[in-house]
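Basis for what follows: all heavy atoms, side chains included, without hydrogens, waters or symmetry-related copies. Order of the sequence lines fixes the chain letters, A, B, ..., with proteins taken first and strands second; residue numbering starts at 1 for each chain.
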Amino acid sequence: MRVRIAPSPTGPFHIGTARTALFNLLYARRHGGTYIVRVEDTDVARSTTDFERDILEGLRWLGLEADEGVRGDGGEIGAHGPYRQSARGERYREVAAELLAKDLAYPCFCTAAELDAERMAREARKLPPRYSGRCGTIAPADAATRVAAGESAALRFRIPAGAVVIDDLVRGRVEIDAEALGGDLVILRADGSPLYHFTVVVDDADMGITHVIRGEDHLSNTPKHILLFQALGVPLPRFAHLPLILNPDRTKMSKRKSQTALADYQAEGFLQEALINFLALLGWSTGSEDEILSMDELQGRFDLEHVQKAGAVFDRVRLEWINGQWIRKLPVDELLLRLRPFYDAAAADGRIARVASDAELAKLLPIIRERIQLLSAAIPLTDFLFTDRVEHDPALLVPKRWDAATTIAGLEAARPILADGIGEGEPLLLEADDPLEAKLRGVAEAAGWKAGDLFMALRVAATGRTATPPLFDSMRLLGGAALLSRIDAAIARLRTA
RNA sequence: GCCCCUGUCGUCUAGAGGCCUAGGACGCCACCCUUUCAAGGUGGAGAUCACGGGUUCGAAUCCCGUCGGGGGUACCA
């Protein structure tokens, strides 16, 4: 059993390509097969090595690196190579020559202008576009003479008449009349470069692909491939056409309407595990009510029977929920590793004033992990710890039920207790009873304040924000000196406001 | 236009003729927990299974039609 993913490096790694790759890998793992990565860079005008690297690195990051073919570092392994179409030109011309020799293909001398005119004429008569096949009636000897004389000619594959049946693993039997295929198919341009429908078949045949699992957008073109496989005299692979991933308006997911670049999701702080989990459940289900699944679990459970037939809308909100689940599920030391680059980047671009140490992050993790759905969200939640001063907004500083005078009184009343109770580098008191909290509650009660209001005033004074990790842990993390100076600054701010 | 695929809560889905008074999850609302925000817990609203005909004692499940949505239709991939 051999499957493949064949990305085209004409743009950044697309999330839809990632899902197709995942389904292929899952299918291979489940059935003990080989998962192959092939780069389809026949379109030299649009393909770039930067895009290729982006795709290869993306696959590796997701855990979808090739068993055979092009690996994450760009190297190739396997005995069926080369695995880049740009390196297979010789082979395509060789196969094309065989088809020509058997008269299964013929040179076409039509110019672009002639083909345009033909197409427009048919359009005017409300007929579907279709090549007339007129060059197909030129005697092979005459055609050969003209080619030898240097006349420019593309090579067309003869599409035989009749119905083509696709026995699709997810859609069942699909029958398409060859009449609807648009006439004889160009497989080699006049300059000798091969076209997609041809290269894909030659490669799948040469590489011994047994199962072609790809997006539904290829279903209508599959008869062309089947006819080509038959002309080549090689056994047909099984086909499985996956439902498309859709924009919220239910059109095919596109860059214009959705975020499609994997790298953008990565940069936002989506976890590899979450993306895999989410993508697996887009168009496939376990048949059970399980939702949070690891790659290992997916590999053990995947099947084509539960693949959906209708397109699936990419629901970003659901992805974020799954990401939050995985953030909480990851071991803390692993989570620290994942968070590291986000803090480093924030320090580099000035969102925080200094680099956070591993020890500091380790102390933070327990109080932020249930508060973030994206790794990047950790920064605004904890930036107050890594900055020299906070800007106090008086409107936030004064709790709803309080006025400025009460707030000043509250901060002043709390100050000596905090000066006494918070030093530097103290351990957190996560679940435990906190004596400091008890004291402050006492102060609030004596003054007739709601403790929550006092806490809110302190929260904003210490962090500049109204939504933060737990107050007492936040204050301990900050340290006594910084805390007191922020309280003083907050009081000063209120006096001048 | 033509060809093909498809149609269960807003979204992802369970469902293979009686287990369906259609289940779960996200999101939404309420409550609980609670120093904020989350997380977590409980409950709720939300689908005449696109519609219309059949078949059957019985249909979300089978058949036909209609309508809606999507994809394809290149000397792009």
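Rounded to whole Å, the separation between the P atoms of B:C28 and B:C67 comes to 38 Å. Taking atom P in both B:C9 and B:A22, the straight-line distance is 14 Å, to the nearest Å. A distance of about 34 Å separates the C1' atoms of B:G24 and B:G65, rounded to the whole Å. Straight-line distance between the C1' atoms of B:U13 and B:U6: roughly 16 Å, to the nearest whole Å. Separating the C1' atom of B:A30 from that of B:G71 is a span of 43 Å, rounded to the nearest Å.
Contacts of A:Leu471 with the nucleic acid, taken as non-hydrogen atoms under 4.0 Å apart, include base atoms. Note on A:Arg328: only backbone sugar-phosphate atoms sit closer than 4.0 angstrom, heavy atoms only; bases stay farther off. Note on A:Gly283: only backbone sugar-phosphate atoms sit closer than 4.0 angstrom, heavy atoms only; bases stay farther off. Among the heavy atoms of the strands, none lies under 4.0 Å from A:Glu123. At the heavy-atom level, A:Glu291 lies under 4.0 Å from base atoms of the strands shown. Within the 4.0 angstrom heavy-atom criterion, no nucleotide atom of any strand lies near A:Phe278. The residue A:His306 sits close only to the backbone: its heavy atoms come under 4.0 Å of sugar-phosphate atoms, none of a base. Residue contacts shown for A:Thr42 are limited to sugar-phosphate atoms, with no base heavy atom under 4.0 Å away. At a threshold of 4.0 angstrom between heavy atoms, the contacts of A:Pro243 with the nucleic acid are absent. Looking at heavy-atom distances under 4.0 Å, A:Ala451 makes no contact with the nucleic acid at all. Residue-level contact check: A:Asp217 touches the backbone only, with heavy atoms under 4.0 Å from sugar-phosphate atoms and none from bases. Looking at heavy-atom distances under 4.0 Å, A:Pro248 makes no contact with the nucleic acid at all. At the heavy-atom level, A:Leu115 lies under 4.0 Å from base atoms of the strands shown. Among the protein residues, A:Ser220 comes within range of the nucleic acid bases, having at least one heavy atom under 4.0 Å from a base atom.
Salt bridge present: A:Asp434 and A:Arg476 bring a charged side-chain N and a carboxylate O closer than 4.0 Å. Using a cutoff of 4.0 Å between basic side-chain nitrogens and carboxylate oxygens, A:Arg4 and A:Asp204 are scored as salt-bridged.
When RNA chain B is scanned 5' to 3' for any atom under 4.0 Å from a heavy atom of chain A, the first and last hits are B:G1 to B:A77.
The partner of B:G40 is B:C32, by the rule that a Watson-Crick or G-U pair needs both atom distances under 3.5 Å. Pair assignment for B:A25 gives B:U11, based on Watson-Crick or G-U wobble hydrogen-bonding distances that are each under 3.5 Å. The partner of B:G72 is B:C2, by the rule that a Watson-Crick or G-U pair needs both atom distances under 3.5 Å.
Taking a 4.0 Å limit (strictly below) on heavy-atom distances, residues 373-383 of chain A does not reach RNA chain B anywhere.
A:Phe270 pairs by the ring pair (Phe, Tyr, Trp, His ring centres under 6.0 Å) definition with A:Tyr265, not counting sequence neighbours. The ring pair (Phe, Tyr, Trp, His ring centres under 6.0 Å) test applied to A:Phe109 returns no partner, not counting sequence neighbours. By the side chain to side chain contact (heavy atoms under 4.5 Å, CB included) test, A:Leu195 pairs with A:Val186, A:Arg189, sequence neighbours left out. Partners of A:Val307 according to the side chain to side chain contact (heavy atoms under 4.5 Å, CB included) rule, which considers only residues two or more places apart in sequence or in another chain, are A:Phe23, A:Val170, A:Leu242, A:Pro243, A:Trp284, A:Phe302, A:Leu304.
Each side chain to side chain donor-acceptor pair (under 3.5 Å) pair with one or both residues in residues 155-167 of chain A, not counting sequence neighbours, appears once here: A:Asp103-A:Arg158, A:Asp167-A:Arg238. Sequence neighbours left out, the pairs with a member in residues 245-256 of chain A that pass salt bridge (charged side-chain N to carboxylate O under 4.0 Å, His left out) are A:Asp217-A:Lys252, A:Asp249-A:Lys257. The side chain to side chain donor-acceptor pair (under 3.5 Å) analysis of residues 308-321 of chain A, with sequence neighbours excluded, yields the pairs A:Glu268-A:Arg316, A:Glu291-A:Arg318, A:Arg316-A:Glu320.
The side-chain heavy atoms of A:Leu64 and A:Ile276, taken from C-beta on, include a pair separated by under 4.5 Å.
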Q. Given A:Ile327 and A:Arg371, is the side-chain contact (heavy atoms from CB on, under 4.5 Å) satisfied, shown in steps?
A. CA-CA 10 Å; A:Ile327 284 177; A:Arg371 277 169 245 273; over 6 Å; no
